[in-house]
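Source: prediction; values computed, not measured. Counting convention: from 1, in listed order, for ligands and their atoms alike.
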Amino acid sequence: MYYFVERMTEDDIEQVQMIERASFSTLWSANTYRHELRSPATSRYIVARASPTPPPPRPERPALRRGLLASLIPMFFGQQASTRDFPIVGYGGVWLSVDEGHITTIAVAPAYRGRGIGELLLNGLIDQALDLHADVLTLEVRVSNIVAQQLYLKYGFRPAGTRPRYYTDNGEDALIMWTDPIRSPAYQEKLRQLRERLFARLREEADEPAPLHN
Ligand SMILES: CC(C)(COP(=O)(O)OP(=O)(O)OC[C@H]1O[C@@H](n2cnc3c(N)ncnc32)[C@H](O)[C@@H]1OP(=O)(O)O)[C@@H](O)C(=O)NCCC(=O)NCCS
């Protein structure tokens, strides 16, 4: 399967909420998503889709708007009406506060985990944060969520304290994580290397069939 990311639209909310229900114990309303999607100056949401064939090429857009990742490997980035036919297998969002990009959410449908889609989404969110002129990235993650923490550590997020009893469903603490400046040459070089490895992995995934359940 081929996996690619594109901006979330209001038509996508229902599919996104199905993945959300399978991934989190506290849920956002459709109105919350609509509000976020209608605030593109500070909020960006993306979806990952699965396609059995290479996704249609996106129409040419000015290089500045396309982001580093999209300009490097355009085949993994779709942007056409016809891509709506491909099922959503993950989603994520980033919110800008002054110069900080806050990763607000990221999830992959359970049957599609472990195939590089979470990483593809995080890269898409980093591109969106760069487009919003964020200088650093931050997020909160449950202290027990080691899988997500591993993904964030891989992308240079570092633990920087906790928010006690942050999660209202079970009173769990949140681990706060921050990156170094994402525009620094060191971070950009790290990103370049990670993306090279990710795209090699996704090229291998392209030959794999879809999971049996989604
Ligand atoms: C966290 C999540 C988005 C990762 O998505 P994914 O598509 O399964 O992850 P990927 O296949 O892209 O893996 C990327 C990295 O994540 C980490 N990771 C993924 N699965 C892992 C596992 N089972 N154990 C440990 N680390 C894991 C690794 O660092 C991995 O890199 P590697 O393959 O080089 O080891 C996914 O597990 C998910 O949706 N979880 C539920 C929702 C959630 O917890 N979201 C985070 C909220 S803060």
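For the residue pair E14 / Y33, no side-chain donor-acceptor distance below 3.5 Å is found, with atom types taken as modelled. At a cut-off of 3.5 Å, with distance as the only test, a side-chain donor of R113 or S23 sits close to an acceptor on the other residue. There is no side-chain donor-acceptor pair under 3.5 Å between S39 and T42. A side-chain donor from one of D169 and S25 sits under 3.5 Å from a side-chain acceptor of the other. Side-chain atoms of E119 and Y155 include a donor-acceptor pair closer than 3.5 Å.
Of all the listed residues (K154, R115, R201), R201 holds the heavy atom that lies closest to atom 13 (O) of ligand 1. Of all the listed residues (M177, R113, E119), E119 holds the heavy atom that lies closest to atom 12 (O) of ligand 1. Between atom 20 (N) of ligand 1 and the options V147, V108, T104, the minimum heavy-atom separation is to V147.
Cation-pi check for R142 over Y167 is met; the charged atom lies under 6.0 angstrom from the ring centroid and within 45 degrees of its normal.
Atom CZ of R201 sits in a crowded spot, with more than 12 heavy atoms from other residues, nucleotides or ligands closer than 6.0 Å. Heavy-atom contacts from other residues, nucleotides or ligands closer than 6.0 Å to CZ of R183 number more than 12.
Given atom 45 (N) of ligand 1, the protein heavy atom at minimum distance is I106 O, 2.8 Å. Looking from atom 28 (C) of ligand 1 to the surrounding protein, the closest heavy atom is Q150 CB, 4.0 Å. Closest protein heavy atom to atom 15 (C) of ligand 1: L151 CD1, 3.8 Å. The protein atom (non-hydrogen) at minimum distance from atom 48 (S) of ligand 1 is Y152 OH, 3.2 Å.
For ligand 1, the polar-atom distance check against G114 finds a nitrogen or oxygen pair separated by under 3.5 Å. Inclusion of N145 in the set of residues having an N or O under 3.5 Å from an N or O of ligand 1 is warranted. Remark: ligand 1 and G118 share an N or O pair separated by less than 3.5 Å (distance only, no angle test).
The backbone N or O of P181 sits less than 3.5 Å from a side-chain atom of S184, completing a donor-acceptor pair. Remark: the backbone N or O of L137 is paired with a side-chain donor or acceptor of T179 at under 3.5 angstrom.
In summary, the atoms of ligand 1 found under 4.0 Å from a heavy atom of F24, numbered by their order in the structure, are 42 (C), 43 (C), 45 (N), 47 (C). Listed by number with element, the atoms of ligand 1 under 4.0 angstrom from any heavy atom of A107 are 39 (O). Numbered from 1 in the order shown, with element, the atoms of ligand 1 that lie under 4.0 Å from a heavy atom of A148 read 1 (C), 46 (C). Under a 4.0 Å criterion applied to the non-hydrogen atoms of V141, ligand 1 contributes the atoms 48 (S). Against a heavy-atom cut-off of under 4.0 Å, G116 is close to the following atoms of ligand 1: 10 (P), 11 (O), 12 (O).
Electrostatic pairing of E6 and R84 counts as a salt bridge here, judged by a charged N lying under 4.0 Å from a carboxylate O. The existence of a salt bridge linking R44 and E36 is excluded, since no basic side-chain nitrogen approaches an acidic carboxylate oxygen closer than 4.0 Å.
The protein does not reach atom 2 (C) of ligand 1 closely, with no heavy atom under 4.0 angstrom from it. Contact annotation for atom 30 (C) of ligand 1: protein absent (non-hydrogen atoms, distance under 4.0 Å). When distances from atom 35 (O) of ligand 1 to the protein are checked, no heavy atom turns up under 4.0 Å.
Taking 4.0 Å as the cut-off, R142 does not count as a neighbour of ligand 1 on heavy-atom distance.
When heavy-atom distances to ligand 1 are checked against a 4.0 Å cut-off, Y91 has no atom that comes that close, whether in backbone or side chain.
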